[in-house]
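Quick caveat, the model's predicted, so the values are computed rather than measured. Computed from heavy atoms alone, side chains included, the values below leave out hydrogens, waters and symmetry copies.
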Amino acid sequence: MPELTDALVRIIGEQNSGYERVGVVPPEDLWRSCHDNITRVLQLIASAAENNSNGKEPYDAARATGRHRAEQRMPLDDVLRSFRLGGRLIWESLIEEARKDGHVDQGELVDMATWVWQVVDATSAQVATAYHQTERELVRVDERRRATLWEGLLHGRAKDLAFALEAARIIEVPLEGRYAVVVIDVDTGDERTGPALAQRLCVAGIDSAWQVRTNTLVGVLSLGTVDLDKAHAVLAKHVKARAGLSLEVSGLADADTAYRQAVLARNTITPGKIEVAAMSQRLPEALLLSAPEIAGHLVDRRLGPLLRVPLAERRLLLDTLAAWLATGGSISATAKAAHCHRNTVINRIRRIESITGQRLDDPTATVELTLALRASWLLPPGPLA
């Protein structure tokens, strides 16, 4: 056995360059694996049908090799090539012994050849099965580890330098630099959107990493020297779902801040509308959502009576109020936006003032009405419920 093992190790070194190229299997590990597998193969050959492995499982060495090489990330093709080389060595050694003995005829050699390669094939199959099973287990472990790092990153653990360094290594993003976070509504388990967006952003000079969470896809964008507006333009062009983009933050340690901003930005989108909301363009709405109790009080104070009139009239009055506020209180511009006569606008404004008990030409009331109107769309149940 030691002589056969030495011969096989030498043959693998000469004819299977994968082991040297990858460099993950120590010499003593390779020798022990070759020794154990040659032993088991010869025991199976000797038994012809029933194994003679001293009570041990006949494929234990093969399975151990498959598991261990998967853990070492050794390519399976190279592992199986070594088993084929081992099978050839065993067959050649058997022929040599048969010639020395002189009592084996041609028919017996043919039968032996068939059995040798059946045993080698069966052993190789056990290696592959154990390899694939271990590989799947390792993938699950890696996915859990990656998910844990993402959760920590999004909840502020990257402020710990050791955690931040590991997260940067696993997620494959820089530790320092300009960052933003995007949050996108997706179906659970959608694995295609992230890589597709990563490719689009890469073309624009932005590196990114993505993680699927429950009904959400989160992207960490390493902006480099690219302007945040360009990142928004790329996302707006290619994302066909509700999404929010944070402000720019400095370093991976502030990813949790950017994540909260991205969620807020997404939540400012009017129900039923599909768009990518940038926090930089939704600051008032984000402030309102950050303090929903105060925002609700503001809605009740400035719009409460108006939200209790019949729906048809309420819709007209809210549309007119929104146009009047957007045009800075211009009757003519409001009439144009609302597609009605100036006198109609004047009558509706008076009606709003009568219902709410507020004068719309009061500067303080105007500011609060603007915020209250925005908040009414953001907070349930909505102004037209």
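- Residues Val41 and Phe83 are not in side-chain contact: their nearest non-hydrogen atoms beyond the backbone lie 4.5 Å or more apart.
- Contact check for Val182 versus Ser246: no side-chain heavy atoms found under the 4.5 Å cut-off.
- Remark: Ile11 CD1 to Ser82 OG distance equals 10.5 Å, nearest 0.5 Å.
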Please assess Ile90 against Ile45 for the test side-chain contact (heavy atoms from CB on, under 4.5 Å), listing each intermediate value before the final yes or no. CA-CA 10 Å; Ile90 290 172; Ile45 292 171; 3.9 Å; yes

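- In this structure a side-chain-to-backbone donor-acceptor pair under 3.5 Å is missing from Tyr19 to Pro26.
- Salt bridge Arg157/Glu151: absent, no basic N to carboxylate O contact under 4.0 Å.
- In this structure Arg99 satisfies the salt bridge (charged side-chain N to carboxylate O under 4.0 Å, His left out) test with no other residue, sequence neighbours excluded.
- Scanning all heavy atoms of the two residues, the minimum distance from Leu138 to Ala70 falls at CD1-O, 3.4 Å.
- The closest side-chain heavy-atom distance from Leu223 to Glu248 is below 4.5 Å.
- Of the possible polar contacts, one joining the Thr216 side chain to the Thr214 backbone as a donor-acceptor pair under 3.5 Å is found.
- Not a single donor-acceptor pair under 3.5 Å links the side chain of Gln43 to the backbone N or O of Pro58.
- In the hydrophobic clustering of ILVMFWY residues, with side-chain heavy atoms under 4.5 Å counting as a link, Leu252 and Tyr259 come out together.
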Begin with the C-alpha distance, continue with both residues' side-chain angles, and end with the deciding distance and a verdict on side-chain contact (heavy atoms from CB on, under 4.5 Å) for Ser93 and Leu89. CA-CA 6 Å; Ser93 299; Leu89 174 64; 4.1 Å; yes

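- Within a 6.0 Å sphere centred on CZ of Arg200, heavy atoms belonging to other residues, nucleotides or ligands number 12 at most.
- Partners of Thr129 under the side-chain contact (heavy atoms from CB on, under 4.5 Å) rule, at least two apart in sequence or in another chain, do not exist in this structure.
- A 4.5 Å side-chain heavy-atom check between Gln15 and Arg81 finds at least one atom pair inside the cut-off.
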Pairs under 3.5 angstrom only: tabulate donor-acceptor contacts from the side chains of residues 166-175 to other protein residues two or more places apart or in another chain.
| from | atom 1 | to | atom 2 | distance (Å) |
| --- | --- | --- | --- | --- |
| Glu166 | OE1 | Arg145 | NH2 | 2.7 |
| Glu166 | OE2 | Arg145 | NE | 3.3 |
| Glu166 | OE2 | Arg145 | NH2 | 2.4 |

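- Here ring-ring contact (aromatic ring centres under 6.0 Å, His included) pairs that include residues 312-352, with residues two or more places apart or in two chains, number zero.
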Checking salt bridge (Lys or Arg N to Asp or Glu O under 4.0 Å) for the pair Asp78/Arg69: CA distance, chi angles, key distance, verdict? CA-CA 10 Å; Asp78 290 320; Arg69 296 295 176 261; over 6 Å; no

Stepwise side-chain contact (heavy atoms from CB on, under 4.5 Å) test for Tyr59 and Asn37: CA-CA 8 Å; Tyr59 297 111; Asn37 280 288; over 6 Å; no

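- Looking only at distances, no side-chain donor or acceptor of Asp207 sits under 3.5 Å from a matching main-chain atom of Leu221.
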Checking Arg73 against Asp142 for the salt bridge (Lys or Arg N to Asp or Glu O under 4.0 Å) test, could you report, in this order, the C-alpha distance in whole Å, the side-chain angles of both residues, the deciding distance, and whether it holds? CA-CA 13 Å; Arg73 267 54 173 193; Asp142 288 344; 3.0 Å; yes

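- The distance from atom CH2 of Trp377 to atom CD of Glu285, rounded to the nearest 0.5 Å, is 13.5 Å.
- Arg342 contributes no side-chain N or O that, together with a main-chain N or O of Ala333, makes up a donor-acceptor pair within less than 3.5 Å.
- Remark: Cys34 SG to Leu8 CG distance equals 4.0 Å, nearest 0.5 Å.
- Once rounded to the nearest 0.5 Å, the distance linking CG of Leu201 with CD1 of Ile206 reads 5.0 Å.
- Atom NZ of Lys336 sits in a sparse spot, with 12 or fewer heavy atoms from other residues, nucleotides or ligands closer than 6.0 Å.
- Glu14 has its side chain within reach of Arg10: a pair of non-hydrogen atoms, C-beta onward, lies under 4.5 Å apart.
- Within 6.0 Å of atom CD in Gln118, more than 12 heavy atoms from other residues, nucleotides or ligands are found, so the atom counts as buried in its surroundings.
- Checked by atom type and distance alone, the side chain of Arg314 pairs as donor or acceptor with a backbone atom of Val309 at under 3.5 Å.
- Using a 4.0 Å cut-off between charged side-chain N and carboxylate O, Arg348 and Asp319 make no salt bridge.
- Side-chain contact check for Arg315 versus Leu384: some heavy-atom pair is nearer than 4.5 Å.
- Taken together through direct or relayed side-chain contacts under 4.5 Å among Ile, Leu, Val, Met, Phe, Trp and Tyr, Met112 and Leu44 form part of one hydrophobic cluster.
- Thr257 contributes atom OG1, which lies 5.0 Å from atom CG of Asp254 (distance to the nearest 0.5 angstrom).
- To the nearest 0.5 Å, the span separating CG on Leu371 from CD1 on Ile294 amounts to 12.0 Å.
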For Glu96 and Lys100, run salt bridge (Lys or Arg N to Asp or Glu O under 4.0 Å): C-alpha distance rounded to whole Å, both residues' side-chain angles, the deciding distance at 0.1 Å, then the answer. CA-CA 6 Å; Glu96 184 179 351; Lys100 288 179 182 179; 3.7 Å; yes

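- Between the side chain of Arg242 and the backbone N or O of Ile274 there is no donor-acceptor pair closer than 3.5 Å.
- A single hydrophobic cluster is seen to contain both Val181 and Tyr179, as judged by linkage of ILVMFWY side chains at heavy-atom distances under 4.5 Å, directly or through other members.
- Between the side chain of Thr334 and the main chain of Thr327, no donor-acceptor pair closer than 3.5 Å is present.
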Walk me through whether Leu235 and Leu245 qualify under side-chain contact (heavy atoms from CB on, under 4.5 Å). CA-CA 9 Å; Leu235 292 168; Leu245 178 65; 4.0 Å; yes

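- Looking at Thr366, its side chain does come within 3.5 Å of a backbone N or O of Asp362 through a donor-acceptor pair.
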Under 3.5 Å, sequence neighbours excluded: what are the donor-acceptor pairs made by side chains of residues 225-234?
| from | atom 1 | to | atom 2 | distance (Å) |
| --- | --- | --- | --- | --- |
| Asp227 | OD2 | Asp229 | N | 2.8 |
| His232 | NE2 | Val276 | O | 2.9 |

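- Residues satisfying the ring-ring contact (aromatic ring centres under 6.0 Å, His included) criterion with His68, sequence neighbours excluded, are absent altogether.
- Side-chain atoms of Gln126 never come within 3.5 Å of backbone atoms of Ala62 as a donor-acceptor pair (strictly under, hydrogens ignored).
- Placement of Val22 and Val79 within a single hydrophobic cluster is found when ILVMFWY residues are connected by side-chain heavy-atom separations under 4.5 Å, directly or transitively.
- Linking Ile, Leu, Val, Met, Phe, Trp and Tyr residues whenever their side-chain heavy atoms come within less than 4.5 Å places Leu369 and Leu306 in a single cluster.
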